[in-house]
Amino acid sequence: MSTISLDLESLNPQQREAVEHPGGPLMIVAGAGSGKTRVITYRIARLIGEGCPPYRILAVTFTNKAAKEMRERIENLVGPNAKDIWMGTFHALCARILRMDGTAIGIDRNFVVYDDSEQLSLIKDLIKSRGFDDKAIQPRGVLSEISRAKEQMLTPEKYADRASSFFERTVAGIYKDYQRRLQNANSLDFDDLLFKAVRLLEESESVREKYQEKFLHVLVDEYQDVNFTQYRLADLLAGKNKNLTVVGDDDQSIYAWRGADVGLMMRFTLDHPKATLVTLDQNYRSTQNILSGAYSVVKHNRGRNDKKLWTSNDSGELIQIGETGTEHDEARLVVDRINHEIRTGRHTYGDFAILYRTNAQSRVIEEAFLTHQIPHILVGGQRFYDRKEIKDMIGYLRVVWNPADEVSLRRTINTPTRGIGPTAFQKAQAFADHHNITLYEAFTNPQFEQELQKKPLQGIRNYRKTIEDAREMLETGAVTPILKHVMQQSGYLDELRAERTEDAQNRLDNLQELINVTAQFDSDPNQDHNLGQFLETVALVSDIDSMKEDGDGVKLMTLHSSKGLEFPVVFLMGLEEGIFPHSRALGNDTELEEERRLCYVGMTRARKALYLTYARRRSQYGQANFNPRSRFIDDLPREIIDQMPGTTMETSMSVVSSAPRLEPLRSGGYAITEQPKATPSWDPPFRVGQKVNHRKFGIGIVVSCAPLKNDAEVTVAFPGAVGIKKMVQSLAKLEEI
DNA sequence: TACCAGACTATTTTT
DNA sequence: TAGTCTGGTA
């Protein structure tokens, strides 16, 4: 037994109960900032201290970053053997299991993982080859339908049995082909990782027993955001020893759009009637005012089980509300505020976080930060691994590792151009289908070569040589030499260098950065050194994973990315109807509730100070929009808010001074009496959130209004297939109802 | 086959 | 607004 001393005295009784829970199913309902991570790390440390070997513990986290941090914290408590704990995201866990034992259900060890864009390109191709117009059958829609099917563990056959509408029957056909193409390409998509892992455990008794025997304790964090396959997986893995600990907070469930289902938290207690339930409701993070503010936003949700967090912290500063003219003014307001705080010496740049609803909002903020020289770290947005040049090179590496990878082959074979256009491609596809071989095999088949013209033939030979030479380097295990070889011999580098533009130089820099990444991978003693492992790591990283820890900069990220983090000072920007809550959520109660929870998550990231800002006028898609301020602001009790100095007076809410104006008066969801006039010269014909009638589409809800010469452009959300429509009021003749 | 210009259109969150 | 797609031309 190791010598582990935990400071259990410092825990509150609930935390202590959770840490010391002996065994059996345990559900920890952990409010924001309630010391959840501490409880989990202590619990794991304690299990190890009591003799449970680290390799028999499985801890599932939401992001790789969370896993890494948790591992470090446990290492501080129990020492280096914390390395042996199985810790990671569901997807990483499944990939690991499938690589080891997937052969039992016919999965090749060397499979690659297809990401979103690769899935999409495959779907697009399938839609086209079936002769559908990809406007009538949208690739995105098909993909998310397939994804949903997989989350419910429906195979193509089962899905087809249930399909009733035209759309569903179409998807059923595509789904079937899609799976076949994935299989031929020796690839799995994100959902497959989960789905196949569950299938593996269900179908192979020996594999199931192996893992059930192995994992003495299973812990799942962020349980409110699991989907059905993940729920199944956790249950299966903990099936024998029943030591399953789940930790979640239903108020922080923000991934329903991705198939997560809070209802599974309830189901846990039904499936495990003997489960112990511990609620952590003391918040150690935020001030009383921040907590009250956040609570006053979520409490509007119906059907939540009401838990009100409490804190012994001071009430702290008031929540600051800032209204500005445009989004540029808004960014400037934040810049000024940050500079002010820095000057007074109260904070450093690293203390601030800027949170926004959509990535598109980051641009304006970043521009302001660049011009005013505020050091900052942008999380997300255009991901490094989503950049074209990076995807191209990763594509090459994937073909080297797995020549059957069809999507990567398509991506790379004519990049840089080698004279292999659609015609050559179609020929190869036909040849491959006819001889029942992969595309790569077709392209490299001597018989096929005879069908080609001189130029494409030369191109293919060069390509093949690049790949084959690289394949010979596989044995060494190092990734960097292969990458360098491929960059060079493919002609990719030469082409970029020849461009001599700033953009090309940027791309070259990014490629250099990629070399740094592989070099680091190659020298990491904790990694299995092979290309397949590298490709998997790359496929499963998220934005937040690559956020640099150090560096004293203001963090910029979406609300979703901020989950699980905390900052001394938080700015929540763009609090406008149609932005946050997002326009897609207006008029949909379920989605509005999720927006509310998202707001709750954002607000509770703040420890000391919280700013909520919005602009009266904002350019969206190149057009001026006048969105009223967010209903979430109107939810806040006026005694805990204050107006930021320097914000415009005439239309702003003049908080404390005009008490009666801030009644949470709602109809269509926000305080009507307060709405500032959009501009002095223009009156929108409808309120946002108002129900209107259209003679063809029926009843819909106004998403936004924008001025248009002597007219107005009105965006309306209609139910069902009609969706969101932009229309000119004088023509559409929308009627108020 | 490659490339360009202009049209078009879709706008969330991400493992 | 910006990214994608299409169609025409070299």
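Naming convention: chains lettered A, B, ... in sequence-line order (proteins, then strands); numbering from 1 in each chain.
Residue A:Asn359 places at least one side-chain N or O closer than 4.0 Å to OP1 or OP2 of B:dT14. Residue A:Lys124 places at least one side-chain N or O closer than 4.0 Å to OP1 or OP2 of C:dC5. Close to B:dT12, at under 4.0 Å from its OP1 or OP2, lies no side-chain N or O of A:Ser583. For the pair A:Asn64 and B:dT15, the criterion of a side-chain N or O lying under 4.0 Å from OP1 or OP2 is not met.
Note on A:Arg140 versus A:Asp116: salt bridge recorded, some NZ/NE/NH1/NH2 to OD/OE distance being below 4.0 Å. One finds no salt bridge joining A:Arg631 and A:Glu595 here, because no Lys/Arg side-chain nitrogen approaches an Asp/Glu carboxylate oxygen to under 4.0 Å. For A:Arg96 and A:Glu536, the salt-bridge test fails: no basic side-chain N is under 4.0 Å from an acidic carboxylate O. A salt bridge links A:Glu594 to A:Arg597: at least one charged side-chain nitrogen sits closer than 4.0 Å to a carboxylate oxygen.
Of all nucleotides listed (B:dT11, B:dT15, C:dA2), B:dT11 comes nearest to the side chain of A:Arg584.
Contacts of A:Arg597 with the nucleic acid, taken as non-hydrogen atoms under 4.0 Å apart, are absent. Across all strands, A:Ala424 comes closer than 4.0 Å only to sugar-phosphate atoms, never to a base (heavy-atom distances).
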Expected rows: protein N/O vs nucleotides 2-4 of chain B N/O, under 3.5 Å:
from, atom 1, to, atom 2, distance (Å)
B:dA2, OP1, A:Gly419, N, 3.0

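Of the residues in residues 248-261 of chain A, A:Tyr255, A:Trp257, A:Arg258 come within less than 4.0 Å of DNA chain B through at least one heavy atom, sorted by number. For the segment residues 85-97 of chain A, residues with any heavy atom less than 4.0 angstrom from an atom of DNA chain B are, sorted by number, A:Thr89, A:His91.
By the criterion of a centre-to-centre distance under 5.5 Å and near-parallel planes under 30°, the ring of A:His582 forms a stack with the base of B:dT12.
Using a 4.5 Å cut-off on side-chain heavy atoms (C-beta onward), A:Leu439 and A:Phe425 make contact.
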